[in-house]
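Below: one structure, written as structure tokens.
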Amino acid sequence: MAVEFGQKSRLGGVLNETGDILSEIALFLPLMFISSCTVAKGSIVIALVVLSEFAGLAGLAFGDRRRVEGPLGKADRSFVLSIGGAAAFLGFLPNPTWPASLALCIGAALTGWNRLCMVVKN
């Protein structure tokens with residue numbers, strides 16, 4: 001909204017990006033302790049998610065726009081997490097953390113790579 005109404009500021013941009021990254025960490029971190037996911041697996045997922053977001057910010061650092069290419073952006077990661085949670089709740093998968101964490105790791109790594117390639121290309 002700030003962009004639409006001409007209220008964009010550097011501080012607002014920093015707070016927005018910091019808030020996005022912290023919200024992703026806050027979303028994934030507790031799941032390491034309430035599910036069968038190990039701390040190592042959860043830490044890898046969180047690290048790859050944060051790195052993919054930093055890869056998106058690299059565009060801004062080099063004078064381009066913020067890169068948001070996929071295949072697994074923030075909304076997509078939330079969707080994968082929701083599917084895993086629903087599968088666990090409904091009993092479809094006794095341990096949905098393995099497929100969900102694998103999908104999140106692969107998706108976040110591909111997303112980060114794709115965003116970095118776009119930064120280098122432009």
Side-chain angles (χ1 to χ4, degrees):
M1 287 184 40
V3 174
E4 290 178 24
F5 292 103
Q7 306 256 332
K8 181 178 171 183
S9 70
R10 287 182 182 215
L11 176 61
V14 168
L15 293 174
N16 179 51
E17 295 298 338
T18 304
D20 282 349
I21 292 171
L22 289 176
S23 70
E24 293 252 26
I25 293 170
L27 181 66
F28 290 112
L29 190 63
L31 295 176
M32 291 190 300
F33 303 106
I34 62 169
S35 69
S36 62
C37 181
T38 64
V39 173
K41 245 195 278 186
S43 299
I44 291 169
V45 170
I46 290 172
L48 287 171
V49 165
V50 169
L51 287 173
S52 73
E53 289 302 309
F54 280 135
L57 290 172
L60 291 174
F62 292 106
D64 196 9
R65 63 182 178 84
R66 192 204 193 291
R67 308 311 306 191
V68 293
E69 290 80 17
L72 202 66
K74 185 173 183 166
D76 304 314
R77 287 190 293 269
S78 297
F79 181 72
V80 168
L81 195 61
S82 299
I83 295 296
F89 179 75
L90 297 173
F92 292 133
L93 289 172
N95 183 5
T97 58
W98 169 243
S101 62
L102 181 63
L104 289 167
C105 282
I106 292 171
L110 289 174
T111 299
W113 179 258
N114 192 21
R115 289 175 179 180
L116 288 175
C117 287
M118 294 304 291
V119 168
V120 170
K121 184 177 174 181
N122 292 331

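Residue numbers start at 1 and run along the sequence shown.
Applying the side-chain contact (heavy atoms from CB on, under 4.5 Å) rule to Ser43 yields the partners Met32, Val39; only residues at least two apart in sequence or on another chain are considered. For Lys74, the salt bridge (Lys or Arg N to Asp or Glu O under 4.0 Å) criterion is met by Asp20, not counting sequence neighbours.
The minimum heavy-atom distance linking Val80 with Ala103 is given by the pair CG1-CB, 4.3 Å.
Applying the under-4.5 Å side-chain rule to Ile, Leu, Val, Met, Phe, Trp and Tyr, the cluster around Val68 consists of that residue alone. Leu116 belongs to no multi-residue hydrophobic cluster, having no ILVMFWY side-chain contact under 4.5 Å with any other such residue. Residue Ile44 belongs to a hydrophobic cluster whose other members are Leu48, with links defined by side-chain heavy atoms closer than 4.5 Å.
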Compile the donor-acceptor pairs under 3.5 Å between side chains in residues 49-66 and protein atoms, sequence neighbours left out, one pair per line.
residue : atom : partner : partner atom : Å
Ser52   : OG   : Val49   : O            : 2.8
Glu53   : OE1  : Arg66   : NH2          : 2.6
Glu53   : OE2  : Arg77   : NH2          : 2.7
Glu53   : OE2  : Arg115  : NH1          : 3.3
Asp64   : OD2  : Arg67   : NH1          : 2.7
Arg66   : NE   : Glu17   : OE1          : 3.0
Arg66   : NE   : Glu17   : OE2          : 3.0
Arg66   : NH2  : Glu17   : OE1          : 3.2

Distance-only check: which donor-acceptor pairs under 3.5 Å involve side-chain atoms of residues 105-113, not counting sequence neighbours?
residue : atom : partner : partner atom : Å
Thr111  : OG1  : Leu72   : N            : 2.8
Thr111  : OG1  : Leu72   : O            : 3.4
Thr111  : OG1  : Gly107  : O            : 2.7

Just list the side-chain donor-acceptor pairs under 3.5 Å for residues 1-14, sequence neighbours left out, or say none.
residue : atom : partner : partner atom : Å
Ser9    : OG   : Gly12   : N            : 3.0

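Distance check: Ile46 CD1 to Ile21 CD1 gives 13.0 Å after rounding to the nearest 0.5 Å.
Between Ser78 and Leu27 the shortest side-chain heavy-atom distance falls below 4.5 Å.
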